[in-house]
Every structure is written in C-alpha cells, then in structure tokens.
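Notes to accompany the following structure.
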Amino acid sequence: MEIPTKYNPKEVEKRWYAFWEKENLFAAKVNPKKKPYSMVIPPPNITGILHMGHALNNTIQDIYIRFKRMQGFESLWMPGTDHAGIATQNVVEKMLIEKGKKRYDLGRDKFLEEVWRWKEKYGSAIIDQLKRLGCSCDWPRTRFTMDEMFSDAVLEVFIRLYNEDLIYRGDYIINWCPRCQTALSDEEAQHREIDGMLYYVKYPVATTDDGRRTTDDKGFVVVATTRPETMLGDVAVAVNPKDKRYKGLKGKTLVLPILQRELKVIFDSKVDPSFGTGALKVTPAHDPVDFELGIAHKLEPVNVMNNDATMNEAAGDYKGMDRLECREALIEDLKERDLFIKAEPHKHSVGHCYRCHTMIEPRLSKQWFVRMKPLSVKAREAVEKGKIKFYPKRWTKVYLNWMSNIRDWCISRQIWWGHRIPVYYCKKCYEQTTDDRRQTRDTGIIVSKTKPEKCPHCNSTEIEQDPDVLDTWFSSWLWPFATFGWPVEKTTDDGRRTTDEKAKAELDYFYPTDVLVTAQEIIFFWVARMVISGLKFMKDIPFGDVYIHGTVRDDTGTKMSKSLGNTIDPIDIIDKFGSDALRFSIISITAQGQDVFLSPQKFEIGRNFANKLWNASRLVLMNLKEDMVKKDLCQIRLRQGRKSQEVCFGGQVANEKFTLADRWILSRFYEALGDFTKSLELYRINDAANRIYEFIWHEFCDWYLEIAKLTIDEPHTQITLYKVLEKSLRVLHPVMPFITEDIWQRLPREHTTVSVMVTKWPHMQKEFIDKKVDKEMQLLIDVIQAVRNLRATWRIEHQKEVDVFIKVKNKKVLAALNTNVKYINKLARVGNLDVSTRIKKPKHSAVSVIHDIEIFIPLEGIIDIDKEKKRLEEKVNNLQSELKRVEGRLKNKGFISKAPKDVVQKAKGRKELVKVEINSLKKNLSAL
RNA sequence: GGGCGGGUAGUUCAGUUGGCUAGAACGACUCGUUUACACCGAGUAGGUCACAGGUUCGAGUCCUGUCCCGCCCACCA
C-alpha cells in the first residue's frame with residue numbers, strides 16, 4: 001500500500017476538510033430514527049481572530065460532536081458569530097478616524113452601512129480559522145445575531161418582556177464609559193484595584209442665627225472622598241445616627257465649599273462610622289450608594305458631568321475641564337481657602353470598561369432595564385434541582401450565588417451598531433421627565449417591531465424611535481433557540497398567525513441542546529442569561545450540561561491577551577505543526593477546569609505523536625496483504641479459557657493461532673477504549689487523550705509492533721494489526737481528525753463508508769479484556785526489560801547476543817516464558833535462553849531478580865572480565881577520591897558559610913550521588 | 001469583606017470515591033542509526049507530595065490551623 005514517508009499536515013488538512021464539506025458530512029437534520037445530540041458554538045465576536053482560548057474551546061466541542069456523531073447520534077453543531085456592538089463600532093470608528101472622519105460626520109445610516117461593509121469583509125475571518133482547526137460545524141446554518149431572522153427574535157423578546165412589565169425605563173446610576181460614551185451593564189464593568197487617594201475636605205457649618213447665612217470658620221465637618229470632583233454635585237452630608245461625634249449637627253446645615261450650596265445633614269445607618277471621618281458627602285448623580293440615600297431622603301440629584309466625563313454647567317467655573325483635571329484644580333482651590341486637610345494613599349477597586357479599559361464613571365442616566373429577580377427564580381431552581389449540571393461542579397456555587405444576588409440588567413447602549421430598541425415616542429404625548437423614576441408606559445410610548453404611522457392616543461404622526469441600541473448580550477442570550485428560527489409563531493403584516501413548521505420541528509428535535517462548552521469568564525454574561533431566557537421563552541432549559549474549561553495563559557501565568565502581546569497564534573501553530581498537533585497538545589495538557597499554561601514548545605507533544613502514528617501506520621500499511629485483511633473483521637472467533645465464547649472477531653483463522661501478543665494488544669485496546677469513552681463522558685478530556693496516546697505509543701508501537709515484525713506475514717498478525725490500527729484510528733479521530741482520516745482512507749476496505757468520521761464508534765467487547773493475558777504479557781515485558789537493563793549496566797555491546805539463564809519457581813511462569821522464548825530472544829537480543837526451575841548461577845554472571853524470578857547472564861566471552869574488573873576498580877577509586885574531596889569541602893565551615901547556597905546544595909547532592917554510584921559499582925564488582 | 005482554585009521530580013503539570021512501590025512530558029545523563037519513526041529506540045538518575053497537628057490498619061488524597069501564589073464577586077465614600 002502506498003504511503004508517503006513524511007507526514008504533510010497542510011496538504012492532508014486541506015484535502016480532507018474539503019472532502020468532508022463536499023460530502024456534506026457535517027450537516028444534521030431532523031431524523032426520527034436517530035437520537036439528537038446538539039451543541040451551539042459560543043458565538044465568537046466578529047472583530048476577533050482565533051486565539052488559543054477559542055482553539056481550546058472549539059477543539060473540545062469538536063471532539064464531542066465527532067464522538068457523538070460516531071456513536072450514532074444526529075449530531076448538530078450550530079455555528080455563528082455575534083455582532084459585538086461596542087467592539088465592532090470601536091474598530092470601524094478607528095478605521096474612519098484614520099481616514100480623518102468621525103462617525104457623526106457620516107450620520108447614523110451611512111455609518112451603519114460602513115459597519116456592514118466591514119462585517120462582510122472581515123467578519124468571517126474567524127469562521128475560516130475554525131475550519132482550519134477542523135471544526136465540524138453545520139456551516140450552512142451559520143447564524144449572525146444581526147440576521148433578519150435573529151433580529152426578529154430579539155425584538156419579539158423585548159416586546160414580550162415589556163408587555164409583562166419585565167422591561168422598564170428609568171433614571172438610575174449606571175456604569176458609564178466616557179470613551180465609548182455609552183452605558184454598560186454591571187458585568188461589563190471590570191473591577192480592578194488601583195492606588196488612589198483619599199482626600200479629606202472641610203465642609204463648614206452654616207449658621208443662621210441672625211437670619212443671614214454666614215460661614216463659621218471654626219465649625220466644620222470633615223468628609224473623606226476618593227473622587228473630590230464629584231463634590232460639585234453634592235446635595236447633603238450623611239452621618240450614622242449612632243455616631244456620637246456628629247450629634248450636634250442635628251437641624252444644622254453645611255455649606256458646600258466653592259459653590260456655596262447649602263447642604264442638609266442627613267442621618268442614615270448605611271454610613272459606616274469607621275470609614276474615613278464617618279461623614280459621607282452625598283452625590284446622588286454620581287454614586288450608587290448616594291443615589292439610594294438620595295431617594296430615601298428625597299434629595300434632588302445634581303449631575304455635574306457631560307457624556308465624555310468633562311464637567312458641565314453645574315460645575316461652575318470648572319465647566320469644560322476633564323474630570324481628573326478638575327480634581328487637581330479643585331484641590332488647589334480648596335487649599336487656597338484652607339478647606340483642604342490632607343490626601344492619603346488609599347487602595348480601592350474601580351470599574352473599567354471591558355472593551356477599552358477606560359475608568360468607568362458611575363453616573364445617573366435614563367436607561368432601559370430588565371427586571372431580573374422574577375426571571376431568575378426558575379433559572380436558579382433548574383440548577384439547584386440538577387436539571388443543569390456544571391462540570392467541574394464547583395461552578396454551581398458561583399452561578400447560584402450570582403443568581404441569588406441578581407440585579408437589574410441595563411440593556412440600552414448609546415451606540416449605533418446593534419438592534420435598535422423597538423420603542424417609539426409620540427412627541428406630543430411623551431413628556432420628557434427626569435425626575436419621574438417610574439415607568440411612563442402609558443404616556444406616549446409605543447413598543448413595536450415596526451414604526452407606527454401615528455400615535456394610537458392622539459393620532460399625531462410626530463413619532464421618533466429611541467436612538468439607543470440593545471446590549472449585544474441581549475441577543476446572544478437567545479442563541480440556543482433563536483438560531484433555529486424562534487419564534488415559531490409569527491404574525492404576518494396583515495395580522496394572520498402563521499407557524500414556521502421547519503423551525504418548530506427543529507426546535508422540538510434539537511432543543512434543549514446537550515452541552516455548553518465555555519470559559520469561566522462568560523458564566524454571567526452568557527451562560528446564566530441563556531438559562532433565564534430558555535426557561536422564559538422555551539419553557540425549558542437550554543442545555544443539560546455546562547462544561548467550563550480553564551483560561552489559557554502563557555507560561556508565566558498571565559492571561560493571554562492581544563494587548564499584552566503574549567499570545568501564541570493558533571494559526572501559526574497549525575502552519576508549523578499541524579491542526580491535529582495543536583488539538584492533541586492543547587487537550588492533553590488541559591486538566592478538567594484547570595487553567596492552561598502554554599508555550600510554543602508544548603505543541604511538540606502533538607506533533608511528535610502525529611509523527612509516531614504516521615510511521616507506525618506506514619509500517620502496518622507497507623506490510624498488510626489486502627486479501628488477508630479485507631474481510632469482515634467480525635468473523636474471527638477467539639476462545640476464552642474454558643468457555644468457548646462466540647467472540648465477534650474472526651474469519652478463517654483458528655483461535656489457537658492467535659498468540660499471547662495478539663490477545664494482549666486486543667485486551668489492551670478494549671481496555672483503552674473503555675477508559676477513553678468513560679473519560680469523555682465525564683468531561684475528563686485530557687485523561688481520554690492521554691489514554692489513547694499511551695495505548696498507541698507505549699503499547700501498540702513499543703511492544704506489539706516490535707513483536708509483530710517477527711510474524712508479519714502470518715494471518716493472525718495481519719488481522720490483529722489491521723483490526724487494532726483501524727479501530728484505534730476511529731477512537732483517535734475526534735481528537736485528531738485529519739491524520740486519522742488520511743491513514744484510514746489508505747487502509748484496504750470493502751465497505752462503502754466514505755469517511756472515518758461517519759464510521760461507527762467501536763463497540764465495546766469486554767470478552768477481549770483478559771487480565772490473565774495482561775499479566776502473562778507483563779511478565780514477559782518485565783523479563784525483557786530486566787535483560788536490557790543488565791545489558792546496559794554491563795555495557796554489553798548493542799549488537800552482541802548474550803546467553804540468558806532464567807530460574808523460576810512457578811511452573812506456570814515456566815510455561816509462559818517457554819512458549820514465548822522467541823520474543824525474548826528478539827527484543828532483548830538473546831542467543832540461547834534457558835528457562836528452568838533448576839538453574840544454577842553461572843560463574844561471572846550478571847544477576848537480576850524480579851518477582852521470584854532470577855535472571856543470569858554469563859559474562860565470560862561477552863565482555864573482557866579482567867578489563868571490566870580493572871575499569872570498575874579504577875572508577876571506584878576515582879569516585880572514592882572525589883567523595884573525599886567533596887566531604888572535605890562540606891566539612892569546611894568557610895565553604896558552607898561563604899559559598900552561594902546553590903553551590904553548597906550541589907555539593908551535597910553530588911556527595912549522595914557518588915555514594916550511591918560507588919555502592920552499585922561495588923555490587924557489580926562482586927559479581928565478577 | 002465574601003467565595004474559589006493552586007502549592008507534588010530541575011521545569012510544566014497528572015494523580016476521580018483514602019489502597020501508591022507517587023506518574024507523564026520536557027530537560028539532564030549513558031548507550032544506540034537492527035529498513036516505521038532521531039519529531040526515534042533502549043536504559044539511568046531526580047520527590048520528607050508547602051508547613052504543623054488530627055482521623056484511619058493505611059493520607060498526596062479526608063478534617064483543623066498556618067504560610068505563600070493566582071482568580072472571581074462586593075455600594076472599601
């Protein structure tokens with residue numbers, strides 16, 4: 001059979017991927033004869049390129065999809081991308097800036113055209129990369145969150161939630177990114193600890209004795225703040241009612257420095273007396289706690305900042321300054337007025353935009369929110385009751401904790417790229433009020449998928465759509481069902497209800513999906529919210545299992561990220577080592593749920609393995625005789641002990657012809673198959689990969705192939721080789737799809753299956769697992785290793801055959817060894833082998849004892865005994881003098897105290913080493 | 001402040017419900033090109049499993065405490 005000497009991954013990958021696509025092997029459809037197995041891809045962001053995190057994530061998923069497909073499931077992997085509102089808009093804006101344009105110059109419509117153009121051009125880069133990884137997604141189904149179909153689902157969900165009062169609009173403190181100029185959800189604000197300052201500022205007590213307001217310089221309250229610039233928006237100072245220091249403030253007011261605004265003193269138990277001075281400045285428009293205090297004490301918020309975090313009119317003379325600039329200036333002014341006390345270093349954590357890493361400004365703003373509490377109840381239960389299981393289990397707690405402390409979700413974004421909020425305002429009916437924090441649902445708000453022609457209340461045609469778009473996650477959270485075409489029931493333009501039969505059938509069949517494979521970073525953003533939406537809109541969980549894999553880091557433990565420049569590009573690795581090498585390597589080093597530390601070197605594991613497999617296959621292919629193996633393998637029978645079982649393996653070869661080695665490798669194969677399958681089912685993917693690696697390399701190649709060479713032309717060997725290789729390829733296929741396909745296609749076969757990827761998963765044949773055979777073979781291996789070991793210690797020339805005498809006590813052992821003499825001869829380079837219960841130790845022989853077996857190799861004539869004796873004696877002498885030197889050094893106190901520690905350590909180590917070596921040499925000497 | 005993960009050969013890590021004589025890969029060392037493979041083969045050396053107690057016939061594994069490293073959550077003004 002033809003097979004190239006060298007394995008060429010690039011060629012193989014290109015060829016077989018095209019073949020799989022051409023044969024349409026990735027497609028899945030409703031098939032009542034098969035059970036479904038389905039999975040959705042965590043939609044990569046269209047601005048992204050494949051990084052190692054994706055490579056890990058998608059390799060895992062592809063393994064499961066391929067594994068289940070082979071197990072006979074109708075296996076669907078639904079691919080797609082999300083529109084990544086903020087990220088994409090940022091990318092396109094940057095591009096425009098390079099051309100000297102801003103998005104406002106273009107206007108909304110033109111800008112969006114620009115984004116779509118960008119998306120068409122670059123948005124599918126990551127899809128092509130996933131193909132190079134070997135992902136067997138049902139590509140014609142590829143979805144995008146901004147597809148018409150998908151968008152319809154998003155609007156539908158918005159409207160349904162709005163109608164159930166689960167979506168509302170209101171003024172709340174939100175996370176504002178001054179650079180992206182949009183609101184963010186709590187999850188999008190990443191908290192990072194920074195070294196800030198805590199500033200102490202005097203707030204004078206106002207006196208009103210004579211009716212006029214004056215400032216009493218002696219009376220003041222000191223407040224501590226980390227953001228002094230927000231004091232311009234202060235409306236009160238709060239203290240704890242139990243705090244004795246501030247009892248005297250009852251009924252008094254304070255004066256806000258600089259702006260001279262009068263501030264109430266309020267008493268609230270939320271204030272922690274032990275922090276700072278125990279007095280808290282209250283800025284409802286710029287701080288979440290203050291905002292709540294403001295509501296509780298009916299205070300009017302004062303917003304002092306613009307969208308870009310510069311100060312607005314309310315900031316008086318500071319208007320136009322940047323927030324940090326203002327901070328500096330304000331402190332100077334306070335110092336001038338003797339109202340500044342001190343600034344002390346203070347560590348605290350501050351939110352940063354997850355897209356551009358700008359420091360977030362908490363800010364009062366009118367936004368749309370989803371009421372999460374009522375929605376979260378079922379999502380919590382589903383996990384508590386075990387309907388959804390996390391692997392590893394520990395994430396259950398993280399999920400439940402988040403669900404129990406869930407807060408409303410801010411879903412409006414002040415950007416242009418995304419699903420525009422399906423809300424229209426009648427200018428006449430709608431009164432823009434900032435103080436009304438309640439939903440104004442009846443006054444001029446029309447929620448609709450399309451623009452209404454006129455206001456249903458006043459018939460006015462002056463109608464405007466809300467300018468904001470929805471959070472990208474507000475579409476992603478619908479992924480498991482919106483990708484199938486939900487909602488199934490649609491209302492046509494003329495008001496008729498229609499049902500999308502195809503979508504209905506597919507949802508019935510494929511939903512809920514089986515497993516979600518994702519990274520820990522995304523549990524709150526996506527996993528938790530999908531559970532919520534699935535239970536809400538499909539009345540069922542979106543997936544049964546959630547497998548959370550680790551984060552990919554570099555070898556110093558830092559998370560791989562583009563901005564840090566410590567990434568390893570998976571495509572580079574594929575170019576250099578091959579896709580299979582990448583897949584195998586990354587899987588084999590990723591323990592369940594543990595973070596992965598990568599360096600380019602680690603991909604050699606997979607490359608070497610692919611090479612090994614290729615060469616082993618070459619050996620087999622070059623020697624297989626087509627007519628001997630091209631029979632249905634399930635005809636051979638193998639006798640098991642006394643029971644003559646009908647074992648599904650065989651043909652015309654008599655049972656007895658199968659040797660110990662044949663039976664052994666079959667036994668080992670089925671054991672490996674069982675372990676592999678079980679590990680995959682428990683999401684212990686690295687165990688699975690390493691198990692098959694161990695089998696192929698260290699059992700099949702190291703032992704069986706060496707033995708098989710002795711009888712390569714005999715039918716029993718031919719059949720065993722073929723069977724084990726062919727089945728191993730199938731088992732390995734989910735992990736290394738390309739190389740296994742290429743080799744498999746070269747195997748002689750008469751069945752009509754087009755590809756290894758659609759062959760059946762090898763069925764478990766426990767009958768072949770034979771502990772007795774394993775044990776017997778292990779004995780043989782031990783003996784061979786012992787002989788090799790003796791050869792090495794006695795420096796016996798590689799080519800030279802030796803005579804070996806083996807003394808055994810057990811008759812069974814005797815028989816076992818005697819029937820396999822030829823293996824020992826070949827694998828240990830033995831000339832005459834004498835196994836018996838009555839062996840006497842020959843003169844001048846090397847000795848080894850394993851179990852209760854003694855092995856002797858007479859050295860006379862093999863090595864020059866006198867010379868060897870001399871050599872050993874000389875060596876012992878040399879070592880002994882070295883030992884003396886080292887010991888002398890170690891006794892020298894000067895050396896111990898002055899030499900570097902590692903030198904001392906090395907000396908100590910050397911001492912022990914030399915001692916051990918001397919002992920072993922002496923032992924050898926005594927044998928001569 | 002709360003929660004989670006980790007500390008095992010020189011290095012990077014496995015080690016499932018306690019049974020281990022603690023494994024692998026890379027690196028080191030000694031041999032070796034016998035026609036599948038030097039991206040290889042044979043062999044060797046390397047470990048008080050962070051520390052201190054406890055439970056047990058038996059602990060890397062379970063319990064308690066301590067010390068490091070990393071991550072996540074939180075309204076630390």
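Quick note on labels: first sequence line is chain A, next is B, and so on, each numbered from 1. Note that this is a predicted model, so its numbers are computed, not measured.
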Quiz item: So what does Asn690(A) hit on the nucleic acid, given a heavy-atom distance under 4.0 Å: a base, only sugar-phosphate, or nothing?
Solution: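 Contact class for Asn690(A): none.
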
Salt-bridge criterion met for Lys6(A) and Glu11(A) (N-O under 4.0 Å)
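No, Lys6(A) and Glu11(A) are not salt-bridged.
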
Are OP1 or OP2 of [N] and a side-chain N or O of [X] less than 4.0 angstrom apart?
X: Gln520(A); N: C71(B); result: no
X: Trp697(A); N: G41(B); result: yes
X: Asn789(A); N: U44(B); result: yes
X: His191(A); N: C72(B); result: no
X: Lys612(A); N: G41(B); result: yes
X: Arg788(A); N: G41(B); result: no

Note, RNA chain B 5' to 3' with Watson-Crick or G-U pairs under 3.5 Å encoded as ( ), [ ], | and . gives (((((((..((((.....[...)))).(((((.......))))).....(((((..]....))))))))))))....

Starting at CD of Glu344(A) and ending at P of C76(B), how long is that distance when rounded to a whole Å?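 Taking CD of Glu344(A) and P of C76(B), I get 17 Å after rounding.
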
Interface polar pairs with nucleotides 3-7 of chain B, N/O, under 3.5 angstrom:
| from | atom 1 | to | atom 2 | distance (Å) |
| --- | --- | --- | --- | --- |
| G3(B) | O3' | Lys397(A) | NZ | 3.4 |
| C4(B) | OP1 | Lys397(A) | NZ | 3.0 |
| G5(B) | O2' | Gln594(A) | NE2 | 3.1 |

Compute the centroid of each ring, for Tyr693(A) and then for Trp697(A), and state whether the two points are separated by less than 6.0 Å.
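Yes: the rings meet the under 6.0 Å criterion.
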
- For the rings on Phe609(A) and Phe584(A), is their centre-to-centre separation under 6.0 Å?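 That pair passes the under 6.0 Å test.
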
Open item on the list: Walk me through whether Phe267(A) and His297(A) qualify under ring pair (Phe, Tyr, Trp, His ring centres under 6.0 Å).
Closed with: CA-CA 9 Å; Phe267(A) 295 84; His297(A) 297 271; 9.0 Å; no

What pairs of nitrogen or oxygen atoms, one from the protein and one from nucleotides 21-32 of chain B, lie under 3.5 Å apart?
none

*asked:* From the set C71(B), U16(B), A42(B), return the single nucleotide nearest to any side-chain atom of Arg684(A).
replied: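 Closest nucleotide among those given: U16(B).
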
